[in-house]
Amino acid sequence: MFEYNVITRRCSKEEEIPYDLLLLADETIEAINRYIHQSDCYVFEHQGQLLGLYVLFPINNHCIEIKNIAVLESAQGKGIGTLLIRDAIQKAKEQSYTTILIGTANTAFKQLYLYQKEGFEIDDIKKNFFIDNYPTPIYEKGILLNHMIMLKKTIEQ
Ligand code: COA
């Protein structure tokens, strides 16, 4: 587990958007721009370096979605992603949301493991989401990235 507390800070709308990190979880700036301006971005910084972030996008008064979550490559595998997921659930709870969603690709086995470990359940599949929304086919480890798997967690208030 990560040796420091992961305390996040909500970015102000005036701050530069941290596209470098956001692009670890999304293929294009265009895709990020479809949600980032209507979302809150929470960052985790350590010794002046941005190590991780997540983005919360309200769907309605009850439901919020983690649209992006990313940890700097050199800091991955140390528990930061797990703590960011927990922090996102806590922030949603503090804002009285009762459901939190996260979507990931059919090819994202590590992410599917992480989200289910943290209590999310597969709820829906957006068939051909990546085919329809991205200009060229994307392959990961030889598998076509096509469907978006949506996972959901109920937040006890
Ligand atoms: N292969 C398989 N499992 C791995 C792994 C790897 N390379 N690296 C870590 N894991 C496991 C860990 O063992 C841990 O499980 P455990 O608690 O049972 O040990 C779990 O995955 C989470 O690891 P953690 O260190 O908390 O996550 P992280 O800090 O690496 O962050 C991501 C996870 C997904 C946010 C990070 O990998 C990332 O930024 N990836 C690129 C962007 C991305 O794909 N975002 C999600 C889009 S849906």
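Counting starts at 1 for both ligands and their atoms, in listed order.
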(request) Output the list of atoms in ligand 1 that are nearer than 4.0 Å to some heavy atom of Thr104, sorted by atom number. (result) 48 (S)
(request) Report whether Tyr115 and Ile59 are members of the same hydrophobic cluster (ILVMFWY, side-chain heavy atoms less than 4.5 Å apart, transitive linking). (result) yes
(request) Carefully, step by step, assess Tyr19 and Asp26 under the rule side chain to side chain donor-acceptor pair (under 3.5 Å). (result) CA-CA 10 Å; Tyr19 284 113; Asp26 234 320; over 6 Å; no
(message) So, regarding Gly81 and ligand 1 (criterion: nitrogen or oxygen to nitrogen or oxygen, under 3.5 Å), is there a contact or not?
(response) yes
(request) Using a strict cut-off of 4.0 Å, indicate which atoms of ligand 1 neighbour a heavy atom of Gly77. (result) 25 (O), 28 (P), 29 (O), 30 (O)
(message) So if I count the atoms of ligand 1 from 1 in the order they appear, which ones are less than 4.0 Å from some heavy atom of Gly103?
(response) 48 (S)
(request) List every atom of ligand 1 that sits less than 4.0 Å from any heavy atom of Leu114, numbering the atoms from 1 in the order shown and giving each element. (result) 22 (C), 33 (C)
(request) Kindly give the heavy-atom pair with the smallest separation between Lys13 and His37, and that separation in Å. (result) NZ-O, 4.2 Å
(request) Would you please determine whether Glu73 falls within less than 4.0 Å of ligand 1 on a heavy-atom basis? (result) no
(request) Report yes or no: does Gly52 have a heavy atom closer than 4.0 Å to ligand 1? (result) no
(request) Measure the CD-CD1 distance between Gln90 and Ile85 for me, rounded to the nearest 0.5 Å. (result) 14.0 Å
(message) Count I, L, V, M, F, W, Y as connected when their side-chain heavy atoms are under 4.5 Å apart, and connections chain through other members. Are Phe129 and Leu144 then in the same cluster?
(response) no
(request) Looking only at distances, please establish whether an N/O atom of ligand 1 is found under 3.5 Å from an N/O atom of Ala25. (result) no
(request) List the steps, then state whether side chain to side chain donor-acceptor pair (under 3.5 Å) holds for Asp87 with Tyr42. (result) CA-CA 9 Å; Asp87 193 73; Tyr42 293 84; over 6 Å; no
(request) Go through the side-chain N and O atoms of Thr104 and Gln111 and say whether any donor and acceptor fall under 3.5 Å apart. (result) no
(request) Decide whether the shortest distance between a heavy atom of Tyr115 and an atom of ligand 1 is less than 4.0 Å. (result) yes
(message) Measuring from non-hydrogen atoms of Gly79 to any atom of ligand 1, is the shortest distance under 4.0 Å?
(response) yes
(message) List ligand 1 atoms under 4.0 Å from Thr82, heavy atoms only on the residue side.
(response) 22 (C), 24 (P), 26 (O)
(message) Are Ile122 and Phe109 connected into the same hydrophobic cluster when the rule is that any two of I, L, V, M, F, W, Y join if their side-chain heavy atoms are below 4.5 Å apart?
(response) no
(request) Enumerate the atoms of ligand 1 whose separation from the nearest heavy atom of Lys117 is less than 4.0 angstrom. (result) 15 (O), 16 (P), 17 (O), 18 (O)
(request) Record the part of Gln111 in heavy-atom contact with ligand 1 below 4.0 Å; permitted values are side chain, backbone, both and neither. (result) side chain
(message) Using the rule that Ile, Leu, Val, Met, Phe, Trp and Tyr join whenever any side-chain heavy atoms are under 4.5 Å apart, tell me whether Tyr54 and Ile7 fall into a single cluster.
(response) no
(request) Determine whether the side chain, the backbone, both or neither of Phe109 has a heavy atom under 4.0 Å from any heavy atom of ligand 1. (result) neither
